[in-house]
Amino acid sequence: MKTVTLIKGDGIGPEISDAVMRIIEASGLEINWDIQTAGSEVIAEEGTPLPARVLESIKVNQVALKAPISTPIGTGFRSVNVQMRQALDLYANVRPCKNLPNVKTRYENVDLVVIRENTEDLYAGIEHKIDENTAESIKIISRKASERICRYAFEYAVEHKRKEVCCATKANICKLSDGLFLDCFRTVAAEYPKIKAREILVDNLCLQLVQDPSEFDVLVMPNLYGDIVSDLTAGLIGGLGVAQGSNIGKYGAVFEPVHGSAPDLKGKNKANPTAMLLSAIAMLRYIEEYEHADKIEKALFKVFEDGCFTEDLGGKMKTTEFRDAVIMNLG
Ligand code: NAI
């Protein structure tokens, strides 16, 4: 039996985690969940929001499913999510974004993937106060990390039979840092003559995405732009409740929804578990449980085809009712 680290997170995390565990179990697949806690709830006892045991568990199992963990805004501890990605060198954040059956949005034919560099940029966490009224954050862009993520994007394009990789930067303004990222993109693109390489400024990308997202295929970009753009692309297909993600490294992977802990929905049985379920389906494919992944995906899509939605998608279903509808469709 495969062992997978499970971090249930906080806010809506435990509700959507439980829904996903129940669905996987109902599909007939037995997984040994190595449940690990992290975030504010463990600080008092363990002195840190990300104890070494959590990282150790992921290193040993080489795969994790993770629900969102809250980060205090402005003050408090550094994001557990960012720390985890850096500590495990999960350098590629992959966020596929594709229309779901019967989920009505402003756009049709969306089928793109945002590939975000996951370890540096402004997320390196190097910032300080110069004086009471001035703060400085340092943006790190290295050739090693930039070439690595661009190569990942082209390899992804080859593997998934995609035609184009588009690199988004602000190299007109951040000439050295984003300029280096773009230079790395051009170097790597030259190794993949069969994949079209395109360049765009990230502000223009946002404009083009909301005008005609079908124009885009694989997108690659530094960390901060990827964070923002992938929330935008989630909006193209129905919102954060349906946007999946994965963090891939050389020695393991952590699968998690794009969305946060949605404290406004905590304990209300209103969260859409789809993003977490799609992340879990991607995790099952990663561990080569293709049959169960396909079975669960089919059952999920059937729920949408039947017009059953949670409130974020204009429906009336509770999290648990949606979960049960997926389970019913597993046959
Ligand atoms: P959020 O993604 O939690 O919520 C934004 C909006 O989307 C809210 O209106 C929320 O109700 C809605 N939403 C999110 N997920 C949903 C779902 N599954 N079903 C239905 N509606 C959903 O973003 P916010 O409010 O900016 O962040 C809340 C907390 O989450 C913060 O502490 C933030 O740091 C953390 N966060 C954690 C992430 C992670 O663990 N990877 C990622 C993003 C944010």
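Whatever order the structure lists them in is the order used to number ligands and atoms, beginning at 1.
At the top of the distance list for atom 22 (C) of ligand 1, counting protein heavy atoms only, stands L265 CD1, 3.9 Å. Considering only non-hydrogen protein atoms, atom 43 (C) of ligand 1 sits nearest to G260 CA, 3.5 Å. The single protein non-hydrogen atom nearest to atom 35 (C) of ligand 1 is I69 O, 3.8 Å, given as residue, atom name and distance. Nearest to atom 15 (N) of ligand 1 among the protein's heavy atoms is H259 CG, 3.2 Å.
For ligand 1, one of its N or O atoms has an N or O atom of A262 under 3.5 Å away.
Between C97 and T233, the shortest heavy-atom contact is SG-O, 2.9 Å.
For the 3.5 Å distance criterion, the side chains of N109 and S214 fail to qualify, holding no donor opposite an acceptor. Side-chain contact, E256 with N247: a donor N or O sits under 3.5 Å from an acceptor N or O. Counting only N and O atoms by type, the side chains of S57 and D34 include a donor and acceptor under 3.5 Å apart.
Annotation: side chain to side chain donor-acceptor pair (under 3.5 Å) contacts of N223 (sequence neighbours excluded): R116.
Put simply, part of P263 is less than 4.0 Å from ligand 1, judged by heavy atoms. Taking a 4.0 Å cut-off on heavy atoms, V258 registers as neighbouring ligand 1. Under a 4.0 angstrom heavy-atom cut-off, K270 registers as lying outside contact with ligand 1.
Less than 4.0 angstrom separates atom 1 (P) of ligand 1 from at least one non-hydrogen atom of the protein. Distance screen at 4.0 Å: atom 18 (N) of ligand 1 has a protein heavy-atom neighbour inside the cut-off. Per-atom contact check: atom 7 (O) of ligand 1 touches the protein, criterion being a heavy-atom distance below 4.0 Å.
Using cut-offs of 30° and 60° on the angle between ring planes, the pair Y152 and Y91 is perpendicular.
Looking at D203, T169, D178 one by one, the single match for side-chain hydrogen bond (donor to acceptor under 3.5 Å, both in side chains) with Y225 turns out to be D178.
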Item to complete: With side-chain hydrogen bond (donor to acceptor under 3.5 Å, both in side chains) as the test, would you mind laying out the steps for Y251 and D89 before giving the verdict?
Response: CA-CA 8 Å; Y251 305 106; D89 200 22; over 6 Å; no
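Counting non-hydrogen atoms of neighbouring residues, nucleotides and ligands closer than 6.0 angstrom, the CZ atom of R285 exceeds 12 such neighbours.
By the criterion of a heavy-atom distance under 4.0 Å, neither the backbone nor the side chain of E311 is placed next to ligand 1. Under 4.0 angstrom from ligand 1, the non-hydrogen atoms of T71 come from both its backbone and its side chain.
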